[in-house]
Peer 1: 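Dropping the structure in here first, questions after.
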Protein chains: 2
Amino acid sequence: MVLYKFKDDTEVSNAPVSMSQLAKLQRDILTGKFRPGEKLTEQALCEQYGVSRTPIREALRQLEADGLVENILNRGAFVIGMSQQDYEDMFELRKAYEIQAVRWAIQRITDEEMERLEETFEFMEFYTMRNDIDKMLVINAGFHQVIYEASHNRMLQRLLSSYQTFLKYRDSGMVYESDYLTTVLEEHRAIFKAFIDRDEKAGAEAMERHINRAKERRCG
Amino acid sequence: MVLYKFKDDTEVSNAPVSMSQLAKLQRDILTGKFRPGEKLTEQALCEQYGVSRTPIREALRQLEADGLVENILNRGAFVIGMSQQDYEDMFELRKAYEIQAVRWAIQRITDEEMERLEETFEFMEFYTMRNDIDKMLVINAGFHQVIYEASHNRMLQRLLSSYQTFLKYRDSGMVYESDYLTTVLEEHRAIFKAFIDRDEKAGAEAMERHINRAKERRCG
DNA sequence: GATTGTATTTCTGTATACAATTATAGGGGC
DNA sequence: GCCCCTATAATTGTATACAGAAATACAATC
């Protein structure tokens, strides 16, 4: 049963979705299946994921670009560890770009994107009422994604999307406060309102509060 | 003749440096040898760079991560174009991270890094007096690089370094004002002074001014 | 002449083979 | 026992071969 369909055909549903080898490897690193510092031997990965070395090597190159592994010449790929400090820093870096994204998005958003943002926000209200955390996590990501697109800047979209991937797995193991959904909804409402009012400053401030609180919720 | 040697063995000299296939391809895209939208056929690249498809494909994956090409499944790699807007946006994105880098660097810099920063700044003074623009471009990059390292955050280092690569080729064709070097030196001096004073706020402000002026110089 | 379906060619995606480098294990010297 | 050297094994880097998808060319049809 498809409940909500994003522009890119990502769906909010419970159906298992087939993943690329890259995505699987990414997931397994982010969920801690491989330990920080651990060497990723290509042959071993081939057997684990059932593909040959070529696609594995290309995946490792992309993971290096995402900062998840380090490729050392003639020595191979090693999993990069994230300290608590690294993780907190990540929120600061993300915050700077999320704020910039909101600013540009409010300047540059198209009517079609505004409709998608509104639609997505309405789904957030619906699933908050239903208290459905799993679906909310997906819609949350979608809400931010619409903003990234509305910023009309590829670089920003790429970077912020990769932060989302990072958070997706980190969040999956989280325990949530009882008022989590309603709190987040209000934070998003403030951001959405800034779009309606075309108020760049209010949008930036609402986003800053949102990320600061997200940091507290997840790091605090 | 080696004039200045960075920690990573990058040298300020006129000696030709051998480049990896990736670096060559990166250079050729950034210098406009391939036009935006142009399809990069693997076989053609193999013949041009004298290597087989495997390393070419891996290079294309990395270039995609850097935002220089777009890989479409079963259709190949296409060069991404940068509009004037994209280019101006890039300065804003870089500014946000350069400011964060300075803040963290002032908090976290080690004695060894502080010595390197001082040494680098002294070389900047020397080459400014000599009015040697080519060497200054390299030292400039080195000055920022020391700050990135002193931020002690891998993600930030990676991103800002890739911006530097971007700028390196863009700058190479630039025409400079006569007071370019002395102006830039004073901007860097303000940043360096903030490190000595351990004044985070002053450092952030000095860096913001520096990037704003760099944007004016290059986009204005 | 334009259009559509099909055959051919070209190109990408993946697997495998080979070369070069690095890691490992064992033996000799001190 | 410790260190160093060498031989071997393991692993990465590169080239090539093959399978499948996409683009192209062309002929048949309207």
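In what follows, every chain begins at residue 1, and chains take the letters A, B, ... in the order their sequences are listed.
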Peer 1: Tell me every residue that passes ring-ring contact (aromatic ring centres under 6.0 Å, His included) with A:Phe121, counting only those two or more places apart in sequence or in another chain.
Peer 2: A:Phe192
Peer 1: Nearest-Å distance, CG (B:Leu45) to P (D:dT14)?
Peer 2: 15 Å
Peer 1: Using only side-chain N and O atoms of A:Ser52, determine if any of them is under 4.0 Å from OP1 or OP2 of C:dT14.
Peer 2: no
Peer 1: Can you build the contact string for nucleotides 5-12 of chain C? Use B for base contact, S for sugar-phosphate-only contact, and - for no protein heavy atom under 4.0 Å.
Peer 2: ------SB
Peer 1: Rounded to the Å, how far apart are B:Ile56 CD1 and D:dT16 P?
Peer 2: 13 Å
Peer 1: Going by atom type alone, with no hydrogens or angles, which donor-acceptor pairs under 3.5 Å involve a side-chain atom of residues 34-41 of chain A and a protein atom two or more places apart or on another chain?
Peer 2:
unit_1: A:Glu38; atom_1: OE1; unit_2: A:Arg35; atom_2: N; d: 2.8

Peer 1: Are B:Arg116 and B:Gln145 packed together at the side-chain level, in the sense that at least one heavy-atom pair is separated by less than 4.5 angstrom?
Peer 2: no
Peer 1: My understanding is that only residues two or more places apart in sequence, or in another chain, count here; which of them pass ring-ring contact (aromatic ring centres under 6.0 Å, His included) with B:Tyr163?
Peer 2: none
Peer 1: Report, one line per pair, each donor and acceptor closer than 3.5 Å where one atom sits in a side chain of residues 46-55 of chain B; sequence neighbours left out.
Peer 2:
unit_1: B:Tyr49; atom_1: OH; unit_2: B:Asp28; atom_2: OD2; d: 2.6
unit_1: B:Arg53; atom_1: NE; unit_2: B:Glu42; atom_2: OE1; d: 2.8
unit_1: B:Arg53; atom_1: NH2; unit_2: B:Glu42; atom_2: OE1; d: 2.9

Peer 1: Could you tell me how far apart A:Glu58 (CD) and D:dT12 (P) are, to the nearest whole angstrom?
Peer 2: 16 Å
Peer 1: ring-ring contact (aromatic ring centres under 6.0 Å, His included) with B:His152: which residues, sequence neighbours excluded?
Peer 2: none
